[in-house]
Structure formats: structure tokens, C-alpha cells
Amino acid sequence: MKTGFFIKKRQPAVLSQENQALRAEIDRTRNTLESARNHFEQVVDPTLIDCYIYELNAAQLRYQFLLRRFKHLEEA
């Protein structure tokens, strides 16, 4: 066992105000995504099917963007 070396454990960081706001936006986007998915599964009208496909795609892209941004803030 070598002395003089310390293992730094990662402490749970207190989320900054920006991280908290981003986390809340991620949660809202996840709810939007789930809602669009539920609507898509229930509709039969072709126009509404198209509408919910676009809504699903937009929510998925937003969710991915927000997750990347949150990860970037966590690494900084």
C-alpha cells in the first residue's frame, strides 16, 4: 500500500439553480413525450396520427438535447 496517494470519492453535488431548472425541464419534456406516445396509440384519424408522429419526434429530439446539456453541465 502506497502512502501519499488519496482516492478522491465523488461527493454528491448539490445541484445548482441552473441544473435544477434544467432537470425540471427534462421532467416536463419526459411527460410531454409520454403524453404524445399515449395519444398516438389511441388515435385512428390519419391526420392526428401524423400530428402525434411529429410531436413524438420533436419531444424525443428535445429530450436528447436536454440530456446532453445536463451531462455537459455535470462534467464541468
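Since this is a predicted model, take the numbers as computed values, not measurements. Heads up: numbering here begins at 1 and tracks the sequence.
The minimum heavy-atom distance linking L33 with Q60 is given by the pair CD1-CG, 3.4 Å. When all heavy atoms are compared, the tightest approach of R30 to D27 is NH1-OD1, 3.1 Å. Pairing each heavy atom of E74 with each of N19, the nearest pair is OE2-ND2, 3.0 Å. The two atoms that bring I49 and V44 nearest to each other are CD1-O, 3.8 Å, heavy atoms only. Considering all non-hydrogen atoms of both residues, T29 and A59 come closest at CG2-O, 3.6 Å. Scanning both residues, L66 and E25, for their nearest heavy atoms gives CD1-CG, 3.7 Å.
Residues in residues 43-65 take part in these ring-ring contact (aromatic ring centres under 6.0 Å, His included) pairs, two or more places apart or across chains: H39-Y52.
Put simply, CG on L22 and NZ on K71 are 14.0 Å apart, with the number rounded to the nearest 0.5 Å. Between the CG atom of L67 and the CD1 atom of I26 there is a distance of 5.0 Å, given to the nearest 0.5 Å.
Side-chain atoms of I53 and N57, non-hydrogen and from C-beta on, do get closer than 4.5 Å to each other. Contact of the D45 side chain with the V43 side chain is not registered, since no non-hydrogen atoms from C-beta on lie closer than 4.5 Å.
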Open item on the list: Using side chain to side chain contact (heavy atoms under 4.5 Å, CB included), reason through R62 and R28 one step at a time and then give a plain yes or no.
Closed with: CA-CA 11 Å; R62 180 165 179 77; R28 281 191 295 273; over 6 Å; no
